[in-house]
Amino acid sequence: MTIATGRLTLEQFLKLPETKPASEYIEGEIIQKPMPKTKHSLLQLRTCNEINQVTQTPKIAYAFPELRCTFGGRSIVPDIAVLLWEQIEFDESGEPLDDVLIAPYWAIEILSPQQSSNRVTKKIIHCLQHNCQLGWLIDPDDRSILAFLPNQQPQFCEGSDVLPVPEMIPLNITAEQVFSWLRMQQ
């Protein structure tokens, strides 16, 4: 959903109060993300947990849900933003700083029924153009995941296809495993 407010600069946008669900600043437009539904929330939570289970203790990376990232003239909120540990800025207390002014190392988007897949893909491409190393577009409806890597054709993954993950992240996972998280009652 695009919010008509007239043209604001990125700096003006960043001074506005946060919205729920989050709003993003893309090419001068303020676009509010759709409210997540159950499947979206479940995939987001489980994906973050799986990544953090293998990356947090060895301080390799951290997967943040709904983290605002401002870079390249835009301010976006990927469903999951994975930052390498060395990319996370900390204050003197060891707590992460609130403002992330870089592209995530790995951006993960989960398509909601009312979202345009092309618009979400455009966000992932923007991330890749600003040093992001991997993008996933998870489509719960057709149980597929499109993986985007810099300077390569997207990879269509489904079923037993092993999903590409950044080399330093020790995660071996298939599309089928990701979508199995939706079956809560077995």
Starting from the C-alpha separation in whole Å, work towards a yes-or-no answer on side-chain contact (heavy atoms from CB on, under 4.5 Å) for Y105 and W85. CA-CA 10 Å; Y105 191 76; W85 202 267; over 6 Å; no

With side-chain contact (heavy atoms from CB on, under 4.5 Å) as the test, would you mind laying out the steps for Q177 and R46 before giving the verdict? CA-CA 11 Å; Q177 287 172 295; R46 288 295 308 268; over 6 Å; no

Does the pair Q133 and E167 meet the rule for a side chain to side chain donor-acceptor pair (under 3.5 Å), with working shown? CA-CA 10 Å; Q133 296 302 302; E167 188 175 297; over 6 Å; no

Given T70 and F13, is the side-chain contact (heavy atoms from CB on, under 4.5 Å) satisfied, shown in steps? CA-CA 11 Å; T70 302; F13 168 77; over 6 Å; no

Tell me, with the steps shown, if L101 and E89 meet side-chain contact (heavy atoms from CB on, under 4.5 Å). CA-CA 10 Å; L101 303 176; E89 292 189 52; over 6 Å; no

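The cluster map of Ile, Leu, Val, Met, Phe, Trp and Tyr, joined by side-chain heavy atoms under 4.5 Å apart, puts I31 and V120 in different clusters. Cluster annotation: W106 and L84 are assigned to the same hydrophobic cluster (Ile/Leu/Val/Met/Phe/Trp/Tyr, side-chain heavy-atom contacts under 4.5 Å, transitive). At a threshold of 4.5 Å between side-chain heavy atoms, the hydrophobic network of Ile, Leu, Val, Met, Phe, Trp and Tyr places L97 and I102 in two separate groups. A single hydrophobic cluster is not seen to contain both Y62 and I169; linkage of ILVMFWY side chains at heavy-atom distances under 4.5 Å, directly or through other members, places them apart. Hydrophobic clustering, with ILVMFWY side chains joined whenever heavy atoms are under 4.5 angstrom apart, keeps L14 apart from L67.
A donor-acceptor contact under 3.5 angstrom links the side chains of D142 and S144, judged on distance only.
The number of heavy-atom neighbours closer than 6.0 Å to CD of E176, taken from other residues, nucleotides and ligands shown, is 12 or below. Within a 6.0 Å sphere centred on CD of Q153, heavy atoms belonging to other residues, nucleotides or ligands number 12 at most.
Between W181 and M184, the shortest heavy-atom contact is O-CG, 4.2 Å. Heavy atoms only, all atoms of each residue included: L83 and P104 are closest at CD2-CA, 3.7 Å.
Comment: K15 does not engage E11 in a salt bridge, judged by the lack of any side-chain N to carboxylate O separation of less than 4.0 angstrom. Using a cutoff of 4.0 Å between basic side-chain nitrogens and carboxylate oxygens, E24 and R119 are not scored as salt-bridged.
If you run side-chain contact (heavy atoms from CB on, under 4.5 Å) between F64 and each of N52, V82, I88, only I88 comes through.
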